[in-house]
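Below: the structure, in structure tokens.
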2 protein chains.
Amino acid sequence: MRPTTHDIAKAAGVSLATVDRVINERPGVRDRTIEKVKQAIESLGYVRDVSAANLARQRTYRFVFAVPDAYSEFTELLHQTIATVAGTAHVERTEISTLPIPADDPHALAAVLNQLDADTVDGVALMAPETPHVRDALMRLTEAGVAVAALVSDLPNTSRNFFVGIDNIAAGKTAGKLMGRFVTGDSGSIIVLTNSMQATDSIERRLGFDEVINTQFSHLTVLPTLEAHGDPDRVTRLVNAAFKQRRDICGIYSLSSGNRSLTGCLTQLKPALRPVTIVHELTTHTERALQQGTVDAVITQDVGHIVRSSLRLLRSHTDQININPAQERIRIEIMLKENLP
Amino acid sequence: MRPTTHDIAKAAGVSLATVDRVINERPGVRDRTIEKVKQAIESLGYVRDVSAANLARQRTYRFVFAVPDAYSEFTELLHQTIATVAGTAHVERTEISTLPIPADDPHALAAVLNQLDADTVDGVALMAPETPHVRDALMRLTEAGVAVAALVSDLPNTSRNFFVGIDNIAAGKTAGKLMGRFVTGDSGSIIVLTNSMQATDSIERRLGFDEVINTQFSHLTVLPTLEAHGDPDRVTRLVNAAFKQRRDICGIYSLSSGNRSLTGCLTQLKPALRPVTIVHELTTHTERALQQGTVDAVITQDVGHIVRSSLRLLRSHTDQININPAQERIRIEIMLKENLP
DNA sequence: CATCTTTTGAGGTACGTACCTCAAAAGTGT
DNA sequence: ACACTTTTGAGGTACGTACCTCAAAAGATG
């Protein structure tokens with residue numbers, strides 16, 4: 001049987017009230033007594049029964065998912081997943097709300113974040129670019145005791161408590177390795193496509209991709225990144241122009257998740273001429289493209305894991321409890337047609 | 001606020017005791033009254049507070065992991081993972097014990113399983129081959145109300161409640177696709193290696209592998225499976241013999257997890273002659289082989305996920321609560337040097 | 001309608017923890 | 001030794017559920 005507060009009281013030779021004061025850091029206990037109690041806790045291996053504690057204190061965790069309001073297949077998937085999890089989270093005493101944020105307007109974003117408050121929220125999971133305003137807003141939140149997790153793309157120079165997502169340099173390297181091994185023939189050029197090279201994840205992926213191609217597959221040439229800025233037509237124009245300009249296109253690597261018009265271009269090509277195509281993020285659309293053979297591999301991260309892991313981390317922070325970091329690491333997944341879920 | 005039993009009582013116009021009788025299926029309630037209560041539960045969306053319930057009934061889940069006692073890197077990893085999880089499971093009121101089972105002796109295995117009992121155990125997670133004796137033992141357990149999960153390799157024709165592991169045909173297909181795309185040159189032979197072709201997982205993986213190679217990469221020849229029966233020296237002999245006999249070996253696919261001596265053979269070869277090597281199960285050893293380039297890809301399943309998912313499923317069964325199947329699906333993971341954790 | 005059985009209600013205690021009050025004890029300074 | 005503050009103890013209630021007992025009400029049977 002696990003020890004209870006009563007056992008601690010007996011072992012330390014104090015009353016239940018004193019144990020309670022020590023555990024919950026209430027004032028009015030001498031240092032010597034605190035020590036006695038802590039030693040008893042240590043030697044008996046006491047851990048607070050979280051469910052009993054939550055029951056007693058009527059705690060509900062209030063978490064906010066702040067996700068870009070701009071439409072993309074990935075954010076859409078993220079919203080869906082959050083909604084699904086939110087529906088069943090109440091059994092774990094967790095209230096989840098979503099906060100659509102204007103990701104491309106730093107001031108507006110900061111304003112939205114500044115509406116959050118320790119009185120109304122216990123934790124925030126945020127997917128946003130790092131700007132000075134965001135840094136300030138997060139500093140305010142963490143200082144007020146609100147747990148903050150960066151979602152999908154890290155905010156390394158802020159006071160965020162956790163990062164939940166993949167190592168994007170490694171993801172780029174993985175794409176590079178697959179590209180290098182999938183491409184046949186002894187030379188060729190690779191198109192790299194993204195929405196914006198401002199985003200850190202795009203930068204990091206390109207970095208990792210280049211490193212692997214340059215060191216391990218130097219017979220391949222990686223072309224300058226084409227930026228579509230969220231415009232589907234621009235993707236079509238850029239890709240078609242690249243094909244016109246160069247006859248040796250053997251691969252396409254799409255850094256971000258705007259792949260709808262890309263696969264449109266590819267289906268126009270004769271199958272034999274179709275380049276090796278590697279994209280990011282498994283969505284209904286990229287899944288279909290994998291099935292049909294328009295896309296050769298998808299590098300992805302499990303959005304369900306991301307959302308659930310965020311919740312575990314935010315909860316652990318508000319409970320001041322240690323977690324197992326190995327369990328929370330998000331994996332870089334490689335999806336082929338054959339291992340689709 | 002979520003509704004409590006008190007709310008149900010008020011809504012149904014009955015007393016707390018009656019609600020309790022209905023919820024816990026105690027006798028002495030008229031059918032009409034049962035209906036009233038159930039409707040109130042339905043319309044208020046009541047769900048029992050599992051932590052409060054467990055607190056009240058002083059429940060501890062008693063689960064057994066029955067894993068082969070024969071040493072292999074994979075079972076070793078499994079044992080380690082179970083031990084780690086067991087160490088922290090007590091905070092979730094879960095007692096985990098491991099039961100080493102003689103996997104290759106059906107009678108002894110059944111005897112061990114028959115020692116288990118609904119009085120001492122709430123659930124069993126079992127990694128074993130399917131034999132008539134195992135079928136009988138599992139039937140006895142499930143009928144007694146013990147939850148049973150098949151681990152890693154399925155027991156489809158038994159009364160097991162869950163399967164926790166990957167689709168091995170799809171895993172074989174994945175290996176086949178990678179093999180086909182990684183191999184360069186326009187012909188060649190592939191060695192397939194396993195411990196035993198008796199095991200269903202080996203059979204299924206080979207099946208999937210063959211299908212992809214034959215339909216998509218018909219320029220490659222898959223050689224008959226070599227069986228090592230757990231003998232490292234035999235691996236060395238078989239592989240070396242295959243290399244002597246044929247000059248066109250371009251790939252090696254290892255179906256099971258006895259890869260130590262295999263990588264030993266490979267390091268003997270000149271790097272240029274080294275065949276594309278794909279193995280199963282990420283262990284410390286295969287991880288190192290990936291790092292060093294002796295192995296090109298590892299098809300694997302996250303053992304941590306497997307163990308934790310088993311626990312969730314067994315718990316949900318003993319609590320008679322629904323779970324989210326999507327969350328419990330174990331993914332077929334592809335590990336390259338670049339996306340190692 | 002009396003008797004017997006079934007169904008229901010009212011109330012209690014318990015789980016492990018949080019948080020509260022009040023009094024007693026121990027320690028402090030003069 | 002005095003008043004004073006700080007520390008400690010004893011006891012209570014509550015959270016939502018499980019499980020128990022006993023009595024009252026409702027229903028069935030003769």
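None of the values given here were measured: they were computed from a predicted structure. Letters A, B, ... mirror the listed sequences (proteins, then strands); counts begin at 1.
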Problem - Segment of DNA chain C, first to last nucleotide, that comes within the 4.0 Å heavy-atom reach of chain B - result: C/dT7 to C/dG16
Can you name the salt bridge (charged side-chain N to carboxylate O under 4.0 Å, His left out) partners of [X], sequence neighbours left out?
{"X": "B/R57", "result": "none"}
{"X": "A/R312", "result": "A/E328"}
{"X": "B/R62", "result": "B/D122"}
{"X": "B/R30", "result": "none"}

All side chain to side chain donor-acceptor pair (under 3.5 Å) counterparts of [X], not counting sequence neighbours:
{"X": "A/S153", "value": "none"}
{"X": "B/S15", "value": "B/T18"}
{"X": "B/Y46", "value": "none"}

Problem - Polar contact flag, side-chain donor to acceptor under 3.5 angstrom, B/N24-B/R48 - result: yes
Exercise for the section: For A/N157 and A/R135, test the side chains for any donor-to-acceptor distance below 3.5 angstrom and give the result as yes or no. Expected result: no
Fill in the blank from the handout: So, with a heavy-atom separation below 4.0 Å from DNA chain D, the residues of residues 38-58 of chain A are A/L55, A/A56, A/Q58
Fill in the blank from the handout: Numerically ordered, the residues 16-34 of chain A set in heavy-atom contact under 4.0 Å with DNA chain D is A/A17, A/T18, A/R21, A/G28, A/V29, A/R30, A/T33
Problem - Student check: side-chain heavy atoms of A/D319 and A/V50 closer than 4.5 Å - result: yes
Fill in the blank from the handout: Rounded to 10°, the helix from C/dC1-D/dG30 to C/dT28-D/dA3 deviates from straight, judged by its five-pair end axes, by 30°
Practice task
Could you list all the salt bridge (Lys or Arg N to Asp or Glu O under 4.0 Å) pairs where at least one residue sits in residues 141-150 of chain B, not counting sequence neighbours?
Solution key: none
Problem - Carboxylate-amine/guanidinium contact A/D49 B/R93, below 4.0 Å - result: yes
